[in-house]
S.K.: 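I'd like to ask you about the structure that follows.
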Amino acid sequence: MQFKDLHLNRHILKSIVEKNYDKPTLIQEETIPLILEKKDLIATAQTGTGKTAAFALPILQILFDKQDAPKKGKKIRALVVSPTRELAIQIDENFKTYGKYTNLRSTVVYGGVSIDPQKEILQKGVDILVATPGRLLDLSKQKIVNLANVEILVVDEADLMLEMGFIEDVLKIEKQCKQNKQTLLFSATMPFKVQQLANTILKTPLKVDVTTTNLVTEKVDQTLYYVPKPKKIELCLHLLRNTIKGSVIIFRRTKFGVDKLEKALIKNNYKVDSIHGDKSQNLRQEALKSFKKGNVDILIATDVASRGIDIKDVDAVINFDMSNIPETYVHRIGRTGRAGKRGSSYSFCSADEKSYVTNIEKLMHKNIFVVEDHPYPLDPKAKSEVHKKQGSKYKKGRKSEASKKKKKRWY
Ligand code: AMP
């Protein structure tokens, strides 16, 4: 399928050509026609699948077809709520890029920065508003934002909304929009509470599922290092010196862990920046910018601060701490291997994290290749414990395969 088959107008197609998009991604192929038919939609898709364009392009088309006032007096007709500021900013950038040749206007509002410049832009009038829930409700309370004309509502990353405690806010926001609006809900995973939310705010929705667990894990060369916790920093330095080339994102579970690792890497003369929830919005944006520009090669991040952000051309991901949530592992490694390129991931597992690996392998239906030949192995007793406690189904595959071809990768 080609973009021209999706019945998008020439103004939108022109910006797609400029972006050098060859053809629609799977989620775009599936959702764009349904959104143009004004259906409510519940879509399971992760970032990296092209899901922003999957809703942004048809929204631009729908709004363009029924133009509003030229400038002042514009009413908010499409609203996208996003759980994180970084993601909200990115979505707005996408609307601006794809809508470049339409006269539709978009803006983004989020917390952690001064509200006044956001008020000013809103008072000039926009067609599309991208917002994080807290700041949006604040602006609505102050009567700066009126959602009564919102005819398309997008709830993005619904599972993360849930994790971050935003569901009540989303329900409040939904009530302020037009009653007969079109609602689109996107989520990387579909836990029961997200389904409940969908049942509350969507009308007989159609379902689209392009879960990319398989896709992501096919595109990434995954390796696993069993290593004692105190030796992780040394292993990290060893890999950065000898194995990993190019840009790297290193994931840590805690803000404290991020700061500690950042200090250690700086001490070893690496150009590093970091993002986590305790950093101001401006500092997080600056870190992201300098990483995207290539001013620093290494970005250290916690999961929440980095979820959904679109950083292209990341050569490798290091899971410095294993995630206890298997889906998070897939999200993390999905930062690399994007846009048709292969990527690499390096996961550090200490003795107390071994059960996380079992759950991750269960989710992926495949094992992660274990690198045994490295300078900081777990002592043999702890390692045999690890293998003993691995899920038997996956242990079998690992053992036979690994013993046959020790160095062959088979992820
Ligand atoms: P998203 O899932 O929205 O975060 O998009 C992930 C990346 O894919 C972004 O860098 C987009 O610019 C890019 N992208 C979106 N649609 C396409 C497409 N049809 N072809 C190539 N790249 C795309």
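Counting convention: from 1, in listed order, for ligands and their atoms alike. It should be emphasised that the depicted structure is a prediction, and the values quoted were computed from it without experimental measurement.
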S.K.: Using a strict 4.0 Å cut-off to heavy atoms of G50, name the atoms of ligand 1 that fall inside it.
M.R.: 1 (P), 2 (O), 3 (O), 5 (O), 15 (C)
S.K.: Going by an N to O cut-off under 4.0 Å, is there a salt bridge joining K255 and D278?
M.R.: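 Yes, this pair counts.
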S.K.: Give the atom numbers and elements of ligand 1 that come within less than 4.0 Å of a heavy atom of F3.
M.R.: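 Result: 19 (N).
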S.K.: Does K14 qualify as a cation-pi partner of Y101, given the criterion of NZ or CZ under 6.0 Å from the six-membered ring centre and within 45 degrees of its axis?
M.R.: yes
S.K.: Determine, step by step, whether F186 and F55 satisfy the ring pair (Phe, Tyr, Trp, His ring centres under 6.0 Å) criterion, reporting the C-alpha distance in whole Å, the side-chain angles of both residues, the deciding distance to 0.1 Å, and the verdict.
M.R.: CA-CA 9 Å; F186 286 78; F55 61 77; 5.2 Å; yes
S.K.: Any N/O of K19 closer than 3.5 Å to an N/O of ligand 1?
M.R.: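 Checking ligand 1 against K19, no N or O pair falls under 3.5 Å apart.
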S.K.: Which one of R77, K38, K181 satisfies the salt bridge (charged side-chain N to carboxylate O under 4.0 Å, His left out) criterion with E151?
M.R.: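 Only match with E151 under salt bridge (charged side-chain N to carboxylate O under 4.0 Å, His left out): R77.
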S.K.: Could you tell me whether K23 approaches ligand 1 through its side chain, its backbone, both or neither, with non-hydrogen atoms closer than 4.0 Å?
M.R.: backbone
S.K.: Ring-plane angle category for H238 and Y376, please: parallel below 30°, perpendicular beyond 60°, tilted otherwise.
M.R.: perpendicular
S.K.: Using a 4.0 Å cut-off to any heavy atom of T25, which atoms of ligand 1 qualify?
M.R.: 17 (C), 18 (C), 19 (N)
S.K.: Does K51 reach ligand 1 with a nitrogen or oxygen that is under 3.5 Å from one of the ligand's nitrogen or oxygen atoms?
M.R.: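 Such a contact does occur with ligand 1.
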S.K.: Going by distance only, is there an N or O of Q90 that falls short of 3.5 Å from an N or O of ligand 1?
M.R.: no
